[in-house]
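The shown structure was predicted, so the numbers you read here are calculated from the model rather than taken from an experiment. We're numbering straight along the sequence, starting at 1.
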Amino acid sequence: MAGAALVVAGCGSGSDNGSVKPVKGKGNGEGANHAMMSANTGALVSIARPTQGQLVTANSVPTDVALRNFRIDCRFAGTPNRAGVGHYHLELDGSLINMFCGDRAAVSLQNVAPGRHELEVIPAENDHTDDMQAARKVPFVYRPAHALRTIAGRARAGRPSITILSPRSGAVVRGGFDLVVRQRNFVFSCDLFGKRNLAGYGHWHANVDSTSQGMMGMGTMLGMSCTDRFHVSLAGIRPGRHTFFAILEDNQHTPSPGAQAAVRVTVR
Ligand SMILES: [Cu+2]
């Protein structure tokens, strides 16, 4: 693990031209816990924070990263890949937290045990295919000054569901719009992104036109939300009729069976 953290992103031949070359794996188990597909974004990742082995006493770990040779633009997430454009994922101990576009972010340490942990910054294409060659890791040590109370699952949560309140079916949308939802028997928690699953907790994904492409349906995921809304950018979506989905997800980003909603609108 220590050796992997020393890998210099972008080293090796042919990864400095900024092109995107999805490489389909054979599914033979190479790459350990990661997806069978890997992208080659050409991105060069550097991590200013946390520093190697940083001691974190607060209950979130601030991150400050820079991606060179790669244009970061979350407006295109979930829409067709574009060479040299994408976003990045943060993983905590090998578990996806979320996608990010700003240099700075913070990862909650809710339900994370004190001790040594590892953050990984992974450039990704619009369809969320990770570029593992360009990924960089940094270890840190969590020693909370004031420990958070661990959130426990909800023992008697009923069957979760989600509905879309806005836009209405058949609406005409331009530029962008808020997808507004209401959930039942389910608590949205940003702090639990990527953490162990807990009954009755999670978040939701906004998808366009498909819920089944890519890993865990994320190939067409526009983004994740832990509130009652998500702002949909139409920058990467062609005019015409499209279906937008809201899908309840557990903390590990696995869709909850049967808990999704769809609305069909016209994009102008
Ligand atoms: Cu992503």
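Atom-to-atom distance recorded for D127:CG and N81:CG is 4.0 Å, nearest 0.5 angstrom. Atoms CG and CZ, on L222 and R75 in that order, are 13.0 Å from each other to the nearest 0.5 Å.
No side-chain N or O of S189 forms a donor-acceptor pair with one of D191 less than 3.5 Å apart.
W204 and M216 sit in two unconnected hydrophobic clusters of ILVMFWY residues. Membership requires side-chain heavy atoms under 4.5 Å apart, directly or through other members. Hydrophobic clustering keeps L248 apart from F193 (ILVMFWY residues linked when any side-chain heavy atoms are closer than 4.5 Å, directly or through intermediates). The hydrophobic clustering, which links ILVMFWY residues whose side-chain heavy atoms are closer than 4.5 Å, places L192 and F230 apart. Under a hydrophobic clustering in which Ile, Leu, Val, Met, Phe, Trp and Tyr are joined whenever their side-chain heavy atoms come within less than 4.5 Å, directly or via other members, I97 and I151 fall into different clusters.
Here Y88 and F70 keep their ring centres 6.0 angstrom or further from each other.
Not a single donor-acceptor pair under 3.5 Å links the side chain of T41 to the backbone N or O of D131.
Between H89 and H87, the ring planes lie tilted relative to each other; the angle falls in the 30° to 60° range.
M221 has its side chain out of reach of M215: every pair of non-hydrogen atoms, C-beta onward, lies at least 4.5 Å apart. Inter-residue side-chain proximity for L96 and M218 is flagged as met; some heavy-atom pair is nearer than 4.5 Å.
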Side-chain donor/acceptor pairs under 3.5 Å, residues 101-110, sequence neighbours excluded:
| from | atom 1 | to | atom 2 | distance (Å) |
| --- | --- | --- | --- | --- |
| S108 | OG | Q110 | N | 3.0 |
| Q110 | NE2 | R149 | O | 2.9 |

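When all heavy atoms are compared, the tightest approach of S225 to H203 is O-CB, 3.2 Å.
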